[in-house]
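Worksheet: the structure to be examined is printed underneath.
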Amino acid sequence: MEKFEPVIVAFCCHYCAYTAADMAGSQRLPYPTNVKVIQVPCSCKVDALHIVKAFEKGADGVYVAGCLEGDCHFKNGNEKAARRVEYVQKYLDEIGIESERLEMVMMSAGMGYRFAQVATEITEKIRKLGPSPIKTATAL
Amino acid sequence: MKSESRLEKILAAGHLAVTSECGPPRGCKPEDVVTKSKYLEGIVDAINVTDNQTAMVRMSSLAASVIIKQQGLNPLFQVTCRDRNRLAMQADIIGAYSLGIDTMLCLSGDHTKFGDHPQAANVHDIDSMQLLQMVKGMRDDGVFQGGAELKGAPKMFIGAAANPFADPFELRVMRLAKKIAAGADFIQTQCIFNVDKFEQWMEGVRAKGLHKKCYILAGVTPCKSLGAARYMSKRVPGMDVPKEVVDRMASVPKEKQAEEGVNICIETIERLKKVEGVAGFHIMAIEWEEIVEEICERAGLLPRPQV
Amino acid sequence: MITAERKPLEELIEYIKPFKRILLLGCNECVTVCSAGGRKEVGLLASGLQMAMLKSGNNIEIRQHTLERQCDPEYVEELVPMINDADAVMSMACGCGVQEIAMRFKDKPVFPAVNTTFMGASERQGVWAERCQGCGNCLLGETGGICPIARCAKQLMNGPCGGSVTGKCEISDDVDCAWQLIWDRLKSLGLEERYMEITPAKDWRSGGGSGPRKIIREDLAE
Amino acid sequence: MQNSNKLQTQNNKVLVIGGGLGGIRTALDLAEAEKDVVLVDKDYTIGGLMTQLDRTFPTNNCDLCTLAPHLSESNRQEHIELLTMTSVVGVTGEKGNFTATLDTQPRFINLEKCTGCGDCLKHFPECVRFNPGLDHRAPTCMRYPQATPQAFSIDLDKCEDVEALVKICPAEAINADDMVIRREVRCSSIVLSTGASLFDPSELDYLGYAKFPDVVTSLEYERILSASGPTGGKLVRPSNDKQPKKIAWIQCIGSRGLQKGAGSYCSNACCMFALKEAIVTKERFQEDIETTIFYMDMRTFGKDYELYFERAKNEYGVRFLRSRPHSILQLEGSDKLNMIYTVDDSTKQLNEDFDMIVLSTGFKTSEESRKLAADIGIELNSDFFPVTDGFNSVATTKPGVYVAGTFQSPKDIPETMVQASAAACMAATDLPVLDVKVEDTEEEQATERDVSGEEPKVGVFICDCGDNIGGVIDVEALVEEAKNLPFVTVSKAEGHGCSRISMDNIRKTIEEEGLNRVVIGGCSPRTHQAKFQDLIQTAGLNKYLLEIANIRDQATWVHSGKPEETSKKALELLKMAVGAVVKAQPLTDQTLPINKNILVVGGGVTGMTSALRLAEQGFQVYLAEKSDKLGGVARDIIKTLEGNDVQEYLTDIIAKVQGHKNIQIITRAMIVDHSGMPGMFKTGMQSGPQMFYRQIEHGVTIIATGAQPNRPPLYLLDQCASVRTQLETQQFIFTNPEVVKTWENVAMIQCVGSRIPENPNCSRICCQNAIKNALAILEINPDARIFVLYRDMRTYGFQEQYYQKAREKGVIFVRYKADDPPVVEMAGDQVDVTFYDPILSQKVSFTVDNLSLSTGMIADNDSTEELAMIFKLPRTGDGFFLEDHVKLRPVDMSVPGFFVAGTAHSPKLLNESIAQANAVAARAQTMLARDVINLGAASARVDGKLCAACLICVRACPFDIPFINADGYSEIDPAKCHGCGMCVSECPAKAIQLMQFEDDRILAKVEQLLERISA
């Protein structure tokens, strides 16, 4: 079997995380290619359904990236998103998908280095976890 | 006289009554009931027999009451609304009376959540107020709760509980009045540690003349240890153990704590004796029945009067 | 409204294991409002079941549909074209909805996906609390509009037990003492003396004590 | 832009000097009001001090994302000519007709051509200015992706091979022959917002700043905390890179005349700055770190600042010591800093070790600013700050020249923003009023093609962005692969996609091929979406039929050394974009016509000032006052601390307001209803003695309802004739000087009814009030003995000088503690005051002839509550109206079209209220200058058929926009929706969609990315 390269979806809020990704870009901070960003206006826009669907379609990892606590452009969307992520993590456990495959992270717009660091750490973590059980099951 | 109850006689004669309690065993060991009740022989006027206390299954209060009765002592049969519907309760009351039990206490009962069968349904077909009404109806009017006539009415001396420390405080005197209206002949209160608050409650009781309408037995408990004091202050709902009591327990070495607990209890009794309307004491020495004698002795409650 | 909570996935998987094609049904009434069985939860459950089954090597087909109301036969009739394609139905409606499906489609297995919990109100976003037990003989008029049967852990009808502390019930700090609430209400209505009236033992026949209940409005019933 | 050919000869512009936060605000306010601005800054990018801050008080937010749009916006404004690396070398002329001489240093980069690709930086890092300031001792400039202008600057002195450098630029933007350009700009008015420098503590040996690396200034500490700072946000001691365990702040360094070279004033912002740093430190390390602030008076007088102070004390456990540290030493062999200090009024010397010590250094004006002031000819005070008008703090001694921000006086960000807007307002009054508006922007609006019913035809255009994309991956190969994606009709490489030629090509291709969807593979939509939206619009497509795949920032820039994987990822990003664009639907921006009338609620000085400014600009203003007279609280004030005559000012402005043809005054007005949306409000009110009902239509609402003097029943107030509020005291002094002459003892008690649990905030105005009255009493009766019993003297800014003067004149200041307040008893006509004297360490008692209580101001809760309900405006816990953004939008409210000014916002002085009134006028004009408001298209839309009316969206919305309408389903007003999508993701019936971010569009991305796997 070829080397496992996880597919990771990163839902990034426009105001902080997506801007931090741009920041990582302009500072040329490297991170693995496995992370694919989907832009949302606020991390609270990320529906539980989007996350679950991503896993159903075969994502190995998903993370939702919002602003730092207290910094949400829409008052408290990021805190709401964090609670939702926790809820979906429990559901993933029920389904039999390791909840560590889903994460909420927070960063400010200026934290390019953190964006790259998070992307790297999460990719490493998922790599260690191996392919998502759903992916394995569909491959059979 | 409403009944043949020894407790009623003591109270009616104007003596300070003394009751204590005895938790039935968690198994078929009638000798345990005997041992525990023997500690109280000649010390108290009636022995409360708890009904699945703290929602833990024990020998039925009816059976344990009968065993105590067989010892020639006076059981105080406790009945809670938690475990039985009105049919079962009335059946037990008739049964108890038929076996010579003439004094009872009507309670709501601790919630099953706290016991060893949290899965069990809480019956609560009727509440403690309605239970009082029901027993009074059986005794005075000779009818079942459903309206049918009783052939031979149970002449019970009817008790109820009161907790002067629970909230809403302003309702606590009214609630007592309501229980009296429903049929309570005597009252046993929650353990008193906060005497100030109890006095405040009694003031309200006297203002309404309730102490003249029923007998109020003030509940007291000796703390066996600092841990017990802390537990009661923090964990038992509706229990008011002021910080001074806990501090006082904490101020003595461990081996002296039981002694200190007894001291506090006796001082409390002495203080309560001066409160107008207190007709006696209900000494709850949970799993420490042997200490009751010392408390009564030192509090000047012995020997018990003969009636 | 009627409130419900999704059953653990494990239990649901056991139900559908023998089947290949499942029709997962939501209801746009109470269970939507309490976020237990609306379109969104149907989507989440469909996806979750699909994945859980895949993991155990079963590739099943789940179709999703949400009815306006599952406890009315006319709405249930909508399902006729879909029902034949399904080996079994799993309903996210309350117990009433599940039974309606079972009655209408006699030869189709139907399973509940939620536990119907209580009749309640939404205290705030995401929090629902029991308010009524449908005793059939409402005494809210006597108790200041707060129900001691549904909201007192001991169903006390004549006042608070000794476990009421600072407005909370002894069974949990999260539960308000119903009698504290009743008393506060009576006070603010100036009806304190009402407390002194003893509520007699309740007649439970109206509360289901004499078997399953039915309401018939002669003027409407055909 | 430097090389732009715009005519420099018209005098209908405003020159704004200084591109910090304040300068940007001034320029934006003017530009949005359609006034031309020249904004100059000596640095090579704008942003000033703000860009160096980590987080700002009192919300502890990182404000970059709020500030950033301001910065890029300023670049897009056609009315702003931005001249960076430029300084003003001379100014001649007068109001209405100034000529400024400007020198622009060579950047060696042509901004018109530069795409910000960074190739020059990559190859010649040593000679390109882009790196963040990594030396925490010399914070220079923080870089952030929104840098404006988005271009680099070359330091040619450091470049060895100029030719090679020039060649490296793919856009041919490097111009080695660039040189200093001198030009003249004519302008009607000038705004100085050059900011201030910070006090340099190096000279103060005893603080050891020059000797010990672990002694830092507060700004340096800020940089250490900052994620973009030298340590990447890791808090470490500069001496050993280890995390400190104990940190101390020392306040008032360079302020209050305390040190050699210090200003005589209070620097205003340092207390909050230190609190914020201590709190952020505590937030990050909790128990792990001890924080102590050594202070003289905690001056937390701003809106809700006192609560922040309380939180620091009680929630975060920051330790506060009222103390003046004596010296800082480092003992032999120790790596700790040893501080010797005394506490409170004790003389005992204490000794304590710290790992780091932060010096809260104050503001001072820079030599450059002083020189500029001299060149322009404005007067400076003894502390080298401009002398300004007593009632208009932005007006200098020279007509037509205004000043804002920290160059005016030391201040924090919100006050800087207020003054910046106020300066914009004043500067605009000097411009010639233009009657005819030039309509030149709408000329080439192409008609939009109806694409509904068409099969999607997607065009993919991939930029190589020079080497940025093309140098990493094979763009041609990517173009070929993109051709195979579903619905893709055309796939092309486009060089620099954002260059004029490429844009032209794309437009032609769209038209020729009849494309109906466009995907750009290039850089960030954050910077380029608007540009490409404009482009496809000119090609006849709805601007929302566009997706941008950010293959530069998210692929080629960040995966160096892995060309193969990078290509794969770029293709995946394109696939996702194509999948999503296929689902895209044409959307219409929400626009609303604007009603240009203004309703000002409140006829005090604030309301009148705003009304007058707007009326002068030709707008129709309705001024509603609930009482029967104009003037408000100012009617009871006689003079200001500085001695200016309030009554004279008031009489004057009332006359002007009453005489202005554009102002309609409605007295005894009671607002009863309100409806409509921003730009087209309807407000109903009852007015006049008969309470007639009338309705006013207006586009903007200004809340200037003021506050009321507090009158708590404390210290015998209203029980004893010789107890007076400070307001009453002032009146008494002026009307009964002969009685004042007889006074032997006078006491004043501060914080009466303020900073207490029931009213936790500081009333801000009382300390200066006490000083004002104390000085006035001494003027009449120099022998009077005056005790001021205080908790903290909060004489911020230049008020400090009057505080010092009062001390010199013998006023006795005695501090009392909140838990041991003074006791007063009636003693006949007099009053006995007993208080604890910390110096004598005992209680002392005096019989006083007059007791003045500093009772401050409170919100007029009854009326603010009702107004808040009618207008749906948020309020603070203590009943003041809440602004939209505490720092950056201090007079805008969260409901668009609403502004707040004066004491309705929080207690403040008259001139501070006037500044806000002017600021509000400027902010209102930015809205009123437009004919319509564009609200964008990203709003939530409810499908009524699916809605279960569950109220979940109603409760979830952070802005309270959804409601259940008369038809029984949820309705969301697109004009009010902020577009976060919270309701969408919470809706249990899936009945809501957020336009532009519809679920199927997001899921299409997920599916496209993972398609290969599930297939």
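Numbers restart at 1 for each chain; the letters A, B, ... are given by sequence-line order, proteins then strands. Hydrogens, waters and symmetry mates are skipped; everything else that's a heavy atom, side chains included, is used.
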Self-check item: Selection from Leu946(D), Val954(D), Leu951(D) maximising heavy-atom pairs under 4.5 Å formed with chain C
Solution: Leu946(D)

Quiz item: In terms of heavy-atom pairs under 4.5 Å, which option from Val31(C), Thr66(C), Val33(C), Val42(C) contacts chain D the most?
Solution: Val33(C)

Quiz item: Can you name the one residue among Arg6(C), Glu5(C), Lys7(C) that meets side chain to side chain donor-acceptor pair (under 3.5 Å) with Asn115(C)?
Solution: Lys7(C)

Quiz prompt | CE (Met82(C)) with more than 12 external heavy atoms under 6.0 Å | solution = yes

Exercise. Pick out which of Asp176(C), Asp174(C), Asp173(C) makes a side chain to side chain donor-acceptor pair (under 3.5 Å) with Lys168(C).
Key: Asp176(C)

Quiz prompt | Toward chain C, the part of Ala949(D) with a non-hydrogen atom under 4.5 Å | solution = neither

Quiz item: Most heavy-atom pairs under 4.5 angstrom with chain D, which of Gly26(C), Ser122(C), Gly37(C)?
Solution: Ser122(C)

Quiz item: To the nearest 0.5 Å, what is the distance between CE (Met53(C)) and CD (Glu61(C))?
Solution: 13.0 Å

Exercise. Specify whether Phe871(D) and His674(D) have parallel, tilted or perpendicular ring planes, treating 30° as the upper limit for parallel and 60° as the lower limit for perpendicular.
Key: perpendicular

Self-check item: Which atoms of Ser35(C) approach chain D - backbone, side chain, both or neither, heavy atom under 4.5 Å
Solution: both

